[in-house]
Q: 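Questions regarding the structure given below will be posed in turn.
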Amino acid sequence: MSNKYRPHLQVLLEDDANRQIANGFMLHFALDTRAIQVLPAAGGWEKVVERFKDTHIGALAKYPERRMLLVVDFDNRTEERINEIKQEIPSGLSERVFILGIRTEPEDLRNQIGKSFENIGQALAEDCADNKCTLWGHDLLRHNLAELNRLSSGVKPFLFN
Amino acid sequence: MIQRLYVHNFRCLENFELSVKDLPSALLIGKNGVGKSTVKLVLEIIQNICRGVNRVGTLVEPKDFACGRSDVPMRFELEALLEKRLYKYELALELPERFKELRVLDERLTVDGNSVYSRTNAQVELLSKPADHTAQFRVDWHLVALPLIQQQSDSDPLHIFRTWIARTIILSPIPRVMKGESNGESLEPKSDGSNFAEWFTGLLSLYPAAYGHIDKYLRQVMPDIRDFLNQPSGKESKSLIVRFKEKNAKMDVFFNDLSDGERCYFLCAVVLAANEFYGPLLCFWDEPDSYLSLSDVGHFVTSLRQAFSGSAQLMVTSHNPEAIRRFSNENTFVLDRKSHMEPTTIRLLKDIDVKGDLIDALIRGDVSNEQ
């Protein structure tokens, strides 16, 4: 039985560190685990884009209740990378596609705050559930706030109970 | 919540320590034959003791000694944090020459380091509250003392420990033996799921509100479910029927006619409800991904991990990439063994240098505990 005709979020991420952050995010008690699906890590931001173009654009068009989150490392090239990725998103789908990532890479965030990737994910989920920016406001993450607000307004009603 | 499990000289486990302190969930991975299911077997031995099985010969056999080394005691130690107190149960078994059945060498239960009882050979020393005097008595060497000692109240550490282990959920389910007919009630599920209906009935009988919890989970995984009935089918028996509805069409299905995967959904729903209503519990699920479609594995495992947080604890084994990906480096244990002649080793994935993608490395057979 499939839930793909109900609102749901698919997450396409760059690497294993981001996967572990996503694991922690999904442990939040109020999160509907059936409304989110984390896909296997692509293995690089360019591969995220490649996989998005090859596989997911068609599926997004087919399933209007699907939202897609692309998680990449910005490697200190935030604006440039976001623009490069946005160029690949068809205009008709841009409202349902979101881009988030750490300004450098997840290992830097882990080293700076001394938490495991899973615990980082849990803290980010708590922020989202409580409408706070405690960790999202960190220097390595705060560039995401506008996109996070756009994502929250689109997915929070069905993602968090 | 288990803090530590120590096993020595039992099958492939020699000087084996599983340290899961402060880990609400943990994954055990490794090739076939490395000892993942043996860890489950050890927990089942301790659980059987707490469920009243006390004859050593029915718990372990001489062939269970590692490499047949019967001149060295077999040892089991379990440390668990229950109601903020550290319980430690120790049991050592030996097989003297010319004996056919193992017997107890020593046995002990402590709480926060204080002895509840200790035993050497046949001699048991029991600390009696409130006078703090000790009572001594003798027990047959071939009987484990833990299930024999009379508890004084529900707050007695003996009761707390035995009940917790007895109710621990240890699963390696075989959906075909999970039937919808029950003849009685139980809060002690069997590993293969063969008393699933009794467990389901027992849960709903003691905690009727669990119905809503089960119903909520099932609606997520089977959106067309209408409700389920556990209706009397005889004087003492009940039969589980699942009703589906899609627009104006309705259909009743006997539990026995559900698919293997759908029966596992029911099992998962009861696991989650049990933890909610009489937990926090420990759940050890051997390959929870079996029988599930690939698109459901991740959701299934994540929902278990999400529910078993705080003082509850989840341990699973898996070979399934989707299940493995739902755990992280600090809660994934790699079990490894060089040959059948050598013991199991265990290391956390975060302490192992895995090149590239973990699943690719597992497929290549390159994930090992070699330093």
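These values consider heavy atoms only, across backbone and side chains, with no hydrogens, waters or symmetry-generated copies. Convention: sequence-line order gives letters A, B, ...; per-chain numbering from 1.
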Q: Using non-hydrogen atoms only, which part of A:I36 is less than 4.5 Å away from chain B: side chain, backbone, both, or neither?
A: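 A:I36 touches chain B through backbone heavy atoms alone.
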Q: Is the shortest side-chain N to carboxylate O distance from A:E147 to A:R150 below 4.0 Å?
A: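 Salt bridge flag = yes for A:R150 with A:E147.
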Q: Both conditions, 6.0 Å and 45 degrees, for the charged tip of B:R167 above the ring of B:Y278: are they met here?
A: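 Because its charged atom sits under 6.0 Å from the ring centre and within 45° of the axis, B:R167 does stack over B:Y278.
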Q: I'd like to know if A:R81 and A:E84 make a salt bridge, using a cut-off of under 4.0 Å between side-chain N and carboxylate O.
A: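 Result for this pair is no, no salt bridge flagged.
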Q: Which atoms of B:S309 are under 4.5 Å from chain A, going by heavy atoms: the side chain, the backbone, both sets, or neither?
A: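 For B:S309, neither part sits under 4.5 Å from chain A.
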Q: Consider only side-chain N and O atoms of A:D15 and A:N18, and report whether a donor and an acceptor are under 3.5 Å apart.
A: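 Side chains of A:D15 and A:N18: pair found under 3.5 Å.
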Q: Pick from B:L358, B:D357, B:N331: which one has the most heavy-atom pairs with chain A under 4.5 Å?
A: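 When all of B:L358, B:D357, B:N331 are compared, B:N331 has the most.
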Q: Could you check B:T332, B:L18, B:V334, B:D286 and say which one makes a side chain to side chain contact (heavy atoms under 4.5 Å, CB included) with B:L28?
A: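 Checked B:T332, B:L18, B:V334, B:D286 against B:L28; only one passes side chain to side chain contact (heavy atoms under 4.5 Å, CB included): B:L18.
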Q: Tell me which of these, A:Q37, A:R19, A:H28, has more heavy-atom pairs under 4.5 Å with chain B than the rest.
A: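 Ranked by contacts with chain B, first place is A:R19.
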Q: Check each atom of B:N329 against the heavy atoms of chain A and say whether the ones under 4.5 Å are side chain, backbone, both or neither.
A: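 Contact with chain A is through both the backbone and side chain of B:N329.
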Q: Just give me the residue among B:Q220, B:R305, B:E330, B:Q306 that pairs up with chain A most often, heavy atom to heavy atom, under 4.5 Å.
A: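 Maximum pair count with chain A is reached by B:Q306.
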